[in-house]
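I have placed the structure first, in the form of structure tokens, so that the comments after it can refer back to it.
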Amino acid sequence: MKSSIQLFLLFLLSNYCFGQHLMIDPQGHSSLVRGVAFTNDNSKLVSVSEDKTIRIWDLRNNELEETLWGTYAKGKEGRYNTLSMHPNKNMIAAAGYLPNNEIRIINLDNSSQTASFIGHTNVITDLSFSPDGQWLCSASADKTVKLWYVPHLKSTKTNFTLSIDDFEDLVYSVDFSSDGTKIVCASFDGSIKLYQLNATKDKATLLSRWETFEPVTKIKFSSNHIIAGTSKGKVFIYSPKGEEEAVIPSAKGYITTIDLPESEDECLIVDSKGNLTIYNTSNWLKNKFIPAEKGIISAARFANNTNKYVVYAKGVEGILSIYDIEKEKNILQFESDGLSNKRIGRSEGKRFALSVNHKKRQPYNKVFDFEKLMMELNVDNQSEYEMPVIDGQGVTLKKINAYTLQIGSSKVINDKNRDKAINAYCFTPKGNVIVSSGNSLKLYNQSAQLVKEFHGHSASVITAHVSKDGRYLISSSDDQTTKLWNIETGELLASLFVSVHNEWVCWSPKGYYHASAGGEKYIGWLESKGIGELSNYYSVNFADKRYHKKEVLIKIIEMGSFDQAINALGLKKVDPKELVKQQPRIEWVSPNLHTQLSGTDLVKVDATITSKSQLKTAKILVDGRPKSIDLNAVSEVSGLYCYQIKEEFKTHHDQMKVQIFAENEFAKITSKPRSISKNNSANSSSDVGFDIETLMSSVTKTQKSTQNIYLLSIGISNYNDKTLNLNYADKDALAISDIYRKQANGKLFNEVFVKELTNEEAKKENILSGFQWLSENATSDDLAVVFIASHGVNWENNFYVIPHDVDLKDVDKSAVKWADCANVMTQLPSQVLLYVDACNSGQLGVNIAHSDNTESIRSLSSDENGVIIMSGSTGKESSLESSEWQHGAFTAAIIDGLGEGKADYSGDQIISLRELDLYIAMKVEELTKGKQHPTTQKPSTISVVNVGEMIPQ
């Protein structure tokens, strides 16, 4: 009865680790999703994954709302197998390969674990709440089914009310009858068993038993049927009395999902090969087919109280799609920002070419220099980079089968369970052999004797290479990291993560890191709490002043040792646990986590911030926009500095969120958001039968807005110093002004006020006055837009915008210091959108460094400053312009995407920041043939941003 499905169910107990550990957060799932569920009002989606996370997705804002972190452990421990949503509370049960085979009960209202159910002796395979929510049924690889009483939850509960243990193999699926009086259980022993429960749920009587002679992978109990799917793709339909009514043999793989809408007139059946089919339950004939790309569909579900929408999870990348059955299209998709690197090519020094693509075999498209910690986003000369060497000293490496590598007359034979299959191999300059496999990375000599093993990857190691000098091993894995090792000592020196948006972060195991402007959001410290509590996750920038040290990371790589580098630099080692203790603490009185206003527009913020050291900064963030807090009201209590926060302000929208930011000398914190909504019955979604696509449409899309736009548009082509002249920067600024003037008096925006500064008008004094104009006029109801197309330059560690009247001999006095512009934008009460194309430094001459606005953008787009930035290029790239476009590439893409509406992918006549970002990225890459890469930085405190609407041409 065993099958390959049991690979999902290996009950391996790994080391459970407490303390802080650096983790990747690719902002989405990075592995197979094992369970999905809509919240009861269909406004959110919850998913659990083998990547050891629970993620909550906001359908209205089309974004990841929150991640709940589980256990840090090596290997499989911590992975989730199953999820069940409580039928009438905002609560879930989740379980899998958890420590002590724990079942976690989690309150989604406050994102906390309220209870643990402990009693199984092996992996949990399935969970099901009773229809009244009073009971939870669990199935396990320990060959038992248990029932738990849910009310009056305690922190840890071991007293299950019932255990059924008459199965010969693991139990893989369970479900309650619609009246909650029966349960049906499916086992890998091929049996399906129906039990009658007594009133107190402590006894079960076997009513019926069916034999399929195949492992049963999914069971569903409807009012009139019991529907069972097997590992070989068959689906059996039985009546509750025991008769077999039908058999559906048409699936192509094992059955991963069986689900019915509330009407029960249809049944969704999904197999592992990617077939999603809806059957008519009156005759069990095919009714509809949902098209999906080939590959495993690991979980699916109808939306609540409707048969119009289905969510399904696709592939090992954990991509979630919501499909509109009537319109026959996907209307939402959620996926991570991460991709694995597929190939490594080496050049001189520590420069390596990478292939970070969706497709498996693609040319190199990025270069990372571990000596300078710099990413290049195009590879002009593919032949510059050498592939791994498999022929050396008269010996050729040859893969005999999936587990065996021939080295001359010797053989490396992988352990099928421990190492898994061989993925790649190569010689080192010294003649040793690197073997990267599904679960190991090893160094052998030519006699096939193990020399060293490299520990650090958490998934299959795809490929590996060695630097030309033989000092460094570099490897890439399905865990979405590329790692650099000291090949002599085996020490992991640095890890690299590259996102689909060309952001990157490189870090040492001890936490020192460097990143692109938006890259640091992808790693953080995970603090495991143990049984009964979810882990705490701290984005690495909570202590950026301590860990964002480019020079330290370079020294670690240069010396090939963390300890040697720290000693050479004279740095003191700091335990991240100590920095966590230094983090300010925020205690809320009001508003509540979810607050609905009734009869008032006034929001009262009442909170206390405590800190071991005095605060440097504290801000209230309203929809991501900062409001400074007076820090004079401070007292000392038990050695702590205490700050009382009492503020009032009026709401300006039907939906908003409030957060608090606080920073001391050592660390900073941004609180979880408090959601505020007005009691507007017209927009209430308490009826779970509403249309999801309507839910996704924000109020601003259907109601007349009172939001004004204040646009400061700066473009300089003609300079006093003619050697600096550009061709189209002034035209770029005028084009942006024209686009936004046309947005006046529409659905999104009311009036549009524009201040243009081009060429001779764009002197330093006038540019600073333009920012002052924004400061004097933009209110909290408005959107402030700044567009800058000009030269930009770094001078003595400061970034400057080059005005028309610049004197290159005195940049500090004659150019516009970025900090002055940034100070105004961070203080504006309005939402702020900055388009910056100020990287045209190629003509500035050898006396002025090539511009790199990375740190300027990083600071301005941080949570505490709250400015949304769309930049024409990344890092040290120059922005390109052409007579063919009559504009810079960045502006040409904005004209197409926003001005002509080509970025309206959803077809709702509204262009969101997400849509415009996607369009500009593709268009600029097309125009410049991959030489320029725009980026967008949106603070995590800001949700949906609409940048424009379709204007009739």
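Because only heavy atoms are used, hydrogens play no part in the values below, and waters and symmetry mates are left out as well, while side chains stay in. The structure displayed is predicted, hence computed values, not measured ones.
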Please evaluate residues K646 and D606 with respect to the criterion salt bridge (charged side-chain N to carboxylate O under 4.0 Å, His left out), reporting the C-alpha separation (whole Å), side-chain torsions for both, the decisive distance (0.1 Å), and the verdict.
CA-CA 5 Å; K646 293 184 182 294; D606 188 348; 3.0 Å; yes
Contacts of S163 that satisfy side-chain hydrogen bond (donor to acceptor under 3.5 Å, both in side chains) - sequence neighbours left out
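K146.
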With distance as the sole test, does [X] use its side chain to make a donor-acceptor pair with the main-chain N or O of [Y] at under 3.5 Å?
X    : Y    : result
N107 : T114 : no
N40  : K89  : yes
S528 : G530 : no
S298 : V33  : yes
N330 : L332 : no
R585 : Q583 : yes
T256 : I297 : yes
S177 : K182 : yes
S590 : N592 : no
N198 : K201 : yes

Taking salt bridge (Lys or Arg N to Asp or Glu O under 4.0 Å) as the test, write out the residues that go with D126, two or more places apart.
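For D126 there are no salt bridge (Lys or Arg N to Asp or Glu O under 4.0 Å) partners, ignoring immediate neighbours.
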Over 12 foreign heavy atoms within 6.0 Å of CD, E587:
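Result for CD/E587: open.
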Search all heavy atoms of [X] against all heavy atoms of [Y] and return the closest pair with its distance.
X    : Y    : result
G28  : L64  : N-CD2, 4.3 Å
G866 : R625 : O-NH1, 3.0 Å
T651 : V603 : CG2-CG2, 3.2 Å
L320 : S47  : CD1-OG, 3.7 Å
G338 : F497 : CA-CZ, 3.5 Å
G70  : L526 : O-CD2, 4.0 Å

First locate atom [atom1] of [X], then atom [atom2] of [Y], and finally report the distance between them rounded to the nearest 0.5 Å.
X    : Y    : atom1 : atom2 : value
S112 : I105 : OG    : CD1   : 12.0 Å
F176 : S128 : CZ    : OG    : 6.0 Å
E63  : I56  : CD    : CD1   : 12.5 Å
L621 : S671 : CG    : OG    : 7.5 Å
D142 : T125 : CG    : OG1   : 8.5 Å
E50  : H29  : CD    : NE2   : 11.0 Å

For residues [X] and [Y], determine if any side-chain heavy atom of one lies less than 4.5 Å from a side-chain heavy atom of the other.
X    : Y    : answer
S677 : Q655 : yes
L98  : R104 : yes
V174 : V184 : no
W135 : T161 : yes
I118 : N101 : no
L136 : L147 : no
D623 : K657 : yes
V48  : T82  : no

Among W525, Y537, Y80, the one residue meeting ring pair (Phe, Tyr, Trp, His ring centres under 6.0 Å) with W69:
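Of the listed options, the one satisfying the test is Y537.
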Donor on one side chain, acceptor on other, [X] and [Y], under 3.5 Å:
X    : Y    : value
N62  : D58  : no
R55  : T67  : yes
D337 : Y522 : yes
N122 : H120 : no
Q659 : T941 : no
D259 : T257 : no
E317 : Q480 : no
D863 : S940 : yes
E520 : S539 : no

Stepwise, does the side chain to side chain contact (heavy atoms under 4.5 Å, CB included) test hold for I124 with I103?
CA-CA 8 Å; I124 311 298; I103 300 171; 4.2 Å; yes
So I219 and I258, side chain to side chain contact (heavy atoms under 4.5 Å, CB included) or not? Walk me through it.
CA-CA 7 Å; I219 197 80; I258 299 174; over 6 Å; no
Go through the steps to decide whether I523 and M23 satisfy the test side chain to side chain contact (heavy atoms under 4.5 Å, CB included), and finish with yes or no.
CA-CA 6 Å; I523 61 168; M23 304 290 292; over 6 Å; no
Decide side chain to side chain contact (heavy atoms under 4.5 Å, CB included) for V145 and V171; before the verdict, give the C-alpha distance in whole Å, the side-chain angles of both, and the deciding distance to 0.1 Å.
CA-CA 7 Å; V145 171; V171 187; 3.6 Å; yes
Look at the aromatic rings of W148 and F117 and report parallel, tilted or perpendicular, splitting at 30° and 60°.
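W148 vs F117 ring planes: parallel.
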Any salt bridge linking E65 with K44? Criterion: basic side-chain nitrogen under 4.0 Å from a carboxylate oxygen.
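Judged by the 4.0 Å cut-off on N to carboxylate O distance, E65 and K44 do form a salt bridge.
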Could E77 and K52 be called an ion pair, given the rule that one side-chain N must be under 4.0 Å from one carboxylate O?
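Salt bridge between E77 and K52, a charged N being under 4.0 Å from a carboxylate O: no.
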Test S223 against E264 for side chain to side chain donor-acceptor pair (under 3.5 Å), laying out the working first.
CA-CA 8 Å; S223 299; E264 296 191 354; 3.2 Å; yes
Pairs in or reaching into residues 34-62: which pass ring pair (Phe, Tyr, Trp, His ring centres under 6.0 Å), with residues at least two apart or in two chains?
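Passing the test, one end in residues 34-62: W57-F334.
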If we check side chain to side chain contact (heavy atoms under 4.5 Å, CB included) with I586, which of these qualifies: I609, T608, I645, T610?
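Answer to the side chain to side chain contact (heavy atoms under 4.5 Å, CB included) test with I586 among I609, T608, I645, T610: I609.
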Can N664 and S611 be said to form a side chain to side chain donor-acceptor pair (under 3.5 Å), step by step?
CA-CA 8 Å; N664 60 26; S611 176; 3.0 Å; yes
